[in-house]
Amino acid sequence: MRVMESFGIVIKSASGRFLSPAARCAIRLEVGLLGRSFPEVAGRYGIGRQRVGRMVKGIPSYGGSDASMNEVIAAARACWKNENGRRSSEAGWTLVLLDALALAIGDPRLSSSAFLNAAIAHAGVGIHRVLEENNHVG
């Protein structure tokens with residue numbers, strides 16, 4: 001089996017058994033934020049409904065309840081932090097969250113690579129301007 005991808009974001013490993021951190025987060029956001037059903041989400045990611053149920057345990061539902069969007073995202077972050085332990089960083093979480101939103105919403109403009117490419121392009125203009133102002137560019 002080949003790696004399952006969407007917008008260049010890895011969803012499943014080559015063996016097809018392991019979901020990427022972005023895919024696990026996207027599943028939690030799809031159920032918690034977007035209110036999608038377990039069968040619908042399971043079908044999108046090629047996993048069982050019971051696995052979806054286990055993954056979203058403890059994730060509040062944004063739609064139709066008192067949970068805020070921040071609470072849903074904080075709960076998804078807590079799951080990510082628990083899964084990744086000491087290797088995790090806020091920068092890593094930010095990239096995972098962007099990719100998860102791109103997967104959940106279905107828009108590649110939200111992916112981490114799109115944001116990073118835009119940031120690098122913007123930074124390049126700023127760096128050039130500073131170098132020019134300091135007479136380092138001819």
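Along the sequence shown, residues are numbered consecutively beginning with 1. Scope of the values below: all heavy atoms of this structure, side chains included, with no hydrogens, waters or symmetry mates.
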Requested in this report: Report the residue from Leu34, Val56, Ile105, Val72 that forms a side-chain contact (heavy atoms from CB on, under 4.5 Å) with Leu29.
Outcome: Val72
Report summary line: Residues passing the side chain to side chain contact (heavy atoms under 4.5 Å, CB included) test with Arg44, sequence neighbours excluded, are Glu30, Arg36
Report summary line: OH of Tyr45 to CD1 of Ile11, rounded to nearest 0.5 Å, is 6.0 Å
Report summary line: Interatomic distance, CZ@Phe38 vs CZ@Arg54, rounded to 0.5 Å, equals 11.0 Å
Requested in this report: Start with the C-alpha gap between Ile27 and Leu103, add the side-chain angles, then the distance that decides, and say whether side-chain contact (heavy atoms from CB on, under 4.5 Å) holds.
Outcome: CA-CA 9 Å; Ile27 288 167; Leu103 290 171; over 6 Å; no
**Report entry** Pairs where residues 116-126 contributes a residue and the test side chain to side chain donor-acceptor pair (under 3.5 Å) is met, not counting sequence neighbours
**Finding:** none
Report task. Treat each ILVMFWY residue as a node, draw an edge where side-chain heavy atoms are under 4.5 Å apart, and state whether Leu116 and Val10 are in one component. Result -> no
Query raised in the report: If you group Ile, Leu, Val, Met, Phe, Trp and Tyr by side-chain heavy-atom gaps below 4.5 Å, do Leu97 and Met69 land in one group?
Result: yes
Query - Set of salt bridge (Lys or Arg N to Asp or Glu O under 4.0 Å) partners for Glu83, sequence neighbours left out - result: Arg24, Arg28
Query - Ser111-Asp99 side chain donor-acceptor pair, cut-off 3.5 Å - result: no
Non-hydrogen atoms of [X] and [Y] that approach each other most closely:
X: Ala75; Y: Gly58; answer: CB-O, 4.0 Å
X: Cys25; Y: Ala76; answer: SG-CB, 4.2 Å
X: Trp80; Y: Ser89; answer: CH2-O, 3.3 Å

Query raised in the report: Would you say Leu98 and Leu110 make side-chain contact, with heavy atoms under 4.5 Å?
Result: no
Query - Side-chain touch Phe115/Leu95, heavy atoms, less than 4.5 angstrom - result: no
Query - Ion pair check, Glu90 and Arg77, cut-off under 4.0 Å - result: yes
